[in-house]
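Heads up: the structure comes next, in structure tokens.
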Amino acid sequence: MADLQTSHAMKILHVGKFFYPYHGGMENFLTDLVLQQTASGLNASVIAHNHHGLELTGHETVKDVSVTRTLSLGQLVYAPLAPTFGYHLAKAISGVQPEIIHLHLPNLSAFWILLINTRAPVVMQWQSDVVPSKVDKRLSLFYPAYRILERKLLERAQAVIVSSENYLHGSECLQAFRGKTAVIPLGLNPDRIYCPDTEEIRRVKRKFGHFLILSAGRFTYYKGFQYLIRAAADVPEASFVIVGDGPLRNTMIDKIVQAGLDNRFFLPGSLSDKELHSLMAACDLFCLPSIERTESFGIVLLEAMTFGKPLITTDIEGSGVNWVNVAGETGLVVRSADAAALAEGIKALLNNPAVRLEMGHRARQRFNGLFRIQTVSEKIMSLYSTLQTPLSGAA
């Protein structure tokens, strides 16, 4: 058995979709986790796809972490097309000789591990199911083939990490593997959060409006941003900002213009961490209006919680979002895909500043108790220590 108290140079190979400086929920968590593991004395390295178009596979050191980025030819149904990923993964395993291979899914390229001869234990970070969507029919078309490989990988793995009991209970594909699952929440490093001064917060308020509702995420089918736009029409006292980019952003801009909301509903695109965190510090509440359980956790909620912001989320059955946001304690939970319910929730908090303040205070307390990356990393490293980690025999 591995002893993390004495094996300070334990070698971990993380297999991700993308890696810093690419920003996304999965990528932010992976970055924070790897950096925390490195700071704790582990030898963590990463292999992921290159997010800069057709750049060839390359190796670099990012904040003391060895990172391999493989060539990607684009995306097919949200998955990078990387035909050489398996070769580079096998090469990385041979070179690193990892004691743990930590896969971050969903990630089509993670399936290459099924063809590689390695005795190192495989840990799956189950970020979310691949949910056959009512909105995007392509997922329903491709999922039957994906599920075959997904099940083989679940059989191969020694441990599966899922981010909440809610998601575990709601995941049909994990039920047969509950004996190897561990519930460990996602987390983030609050030290990387930019904290603006009072004057910067005032500047943001002057720019966007006195009562500000913030949201953030990739403009994709399951985020439900169209319902927040519809809700805005019923809350004329408020301004709205959604930070992010993606295939549906222009569609949402059109909806805002058609509704006559372009004087108080803003889509600034992708922003730097500093700009996003300035908005978080200035906003009055943070809203995540997602409509499908592809939104498994909502790690951006954790960033808002570090600023002590009340949350509004939606009641997606089987999602961990509403374990992160406790209804009536850290925020409100309203009906999914319901603009009227969103507007009602926003107005309830708009009209009750004392309730907003108390919910925000509890949100920060909940973050500090559960979601700091140091706490999360310690739990993951404890899981590693229960696995057989042969020091030889890797491919």
Mind checking whether [X] and [Y] have side chains closer than 4.5 Å, heavy atoms only?
| X | Y | result |
| --- | --- | --- |
| Val324 | Leu186 | no |
| Phe219 | Leu267 | yes |
| Val123 | Gln158 | no |
| Leu13 | Leu89 | yes |
| Tyr221 | Pro247 | no |
| Val96 | Asn43 | no |
| Asp284 | Lys205 | yes |
| Met124 | Leu174 | no |

Heavy atoms of other groups near [X] [atom1], more than 12 under 6.0 Å:
| X | atom1 | value |
| --- | --- | --- |
| Tyr87 | OH | no |
| Glu60 | CD | yes |
| Asp191 | CG | yes |

(Q) Between His88 and Thr68, is the side chain to side chain donor-acceptor pair (under 3.5 Å) condition met? List the steps. (A) CA-CA 8 Å; His88 292 290; Thr68 299; over 6 Å; no

When you measure from the side chain of [X] to the backbone N and O of [Y], does any donor-acceptor pair fall under 3.5 Å?
| X | Y | value |
| --- | --- | --- |
| Ser40 | Gln36 | yes |
| Tyr167 | Arg293 | yes |
| Asn352 | Ala354 | no |
| Ser215 | Cys287 | yes |

Would you please name every residue forming a salt bridge (charged side-chain N to carboxylate O under 4.0 Å, His left out) with [X], sequence neighbours left out?
| X | result |
| --- | --- |
| Glu155 | Arg151 |
| Arg156 | none |
| Arg364 | none |

Closest heavy-atom pair and its distance - [X], [Y]:
| X | Y | result |
| --- | --- | --- |
| Ala216 | Leu276 | CB-CD1, 4.4 Å |
| Ser72 | His49 | CB-CB, 4.5 Å |
| Val376 | Pro185 | CG1-O, 3.2 Å |
| Gly345 | Leu332 | O-CD1, 3.5 Å |
| Val130 | Pro106 | CG2-CB, 3.8 Å |
| Ala44 | Val65 | O-CG1, 3.6 Å |

If you measure from [atom1] on [X] to [atom2] on [Y], what distance do you get to the nearest 0.5 Å?
| X | Y | atom1 | atom2 | result |
| --- | --- | --- | --- | --- |
| Thr313 | Asn322 | OG1 | CG | 4.0 Å |
| Thr220 | Arg249 | OG1 | CZ | 15.0 Å |
| Thr118 | Ile101 | OG1 | CD1 | 4.0 Å |
| Leu383 | Ile380 | CG | CD1 | 8.0 Å |
| Tyr384 | Lys379 | OH | NZ | 15.0 Å |
| Arg372 | Asn189 | CZ | CG | 8.5 Å |

Q. Aromatic ring centroids of His102 and His104 under 6.0 Å?
A.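 That pair passes the under 6.0 Å test.
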
Q) Once the angle between the rings of Phe307 and His277 is folded into 0 to 90°, is it parallel (under 30°), tilted (30 to 60°) or perpendicular (over 60°)? A)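 It falls in the tilted class, 30° to 60°.
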
Q.
Considering only residues two or more places apart or on different chains, which pairs with a residue in residues 235-263 satisfy ring pair (Phe, Tyr, Trp, His ring centres under 6.0 Å)?
A.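 Non-adjacent pairs meeting ring pair (Phe, Tyr, Trp, His ring centres under 6.0 Å): Phe240-Phe265.
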
Q: Determine which pairs satisfy ring pair (Phe, Tyr, Trp, His ring centres under 6.0 Å) with at least one residue from residues 319-343, sequence neighbours left out, and list them in order.
A: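 Every pair satisfying ring pair (Phe, Tyr, Trp, His ring centres under 6.0 Å) with a residue in residues 319-343: Trp323-Phe371.
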
Q: Can you spot which of Val34, Leu188, Leu302, Ile373 makes a side-chain contact (heavy atoms from CB on, under 4.5 Å) with Phe29?
A: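 Between Phe29 and the candidates, side-chain contact (heavy atoms from CB on, under 4.5 Å) is satisfied uniquely by Ile373.
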
Q) So does Arg147 pair up with Glu172, basic N to acidic O under 4.0 Å? A)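 Looking at Glu172 together with Arg147, the answer is yes, because their closest N to O distance falls below 4.0 Å.
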
Q: State whether Arg206 and Glu199 are salt-bridged, where the test is any N-O pair (Lys NZ or Arg NE/NH1/NH2 against Asp/Glu carboxylate O) under 4.0 Å.
A: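 Salt bridge: yes.
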
Under 3.5 Å, is there a donor on one side chain and an acceptor on the other for [X] and [Y]?
| X | Y | answer |
| --- | --- | --- |
| Thr330 | Asn325 | yes |
| His51 | Glu27 | no |
| Glu295 | Ser290 | yes |

Q: With Glu358 as reference, evaluate Arg362, Arg356, His361 under the side chain to side chain donor-acceptor pair (under 3.5 Å) test and give the passing residue.
A: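 Single pass found, and it is Arg362.
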
Q: Dump the intermediate steps for side-chain contact (heavy atoms from CB on, under 4.5 Å) on Leu30 and Tyr20, then the final yes or no.
A: CA-CA 9 Å; Leu30 173 57; Tyr20 179 89; over 6 Å; no

Can you list, pair by pair, the side-chain donor-acceptor contacts under 3.5 Å of residues 225-232, counting residues two or more places apart and other chains?
none

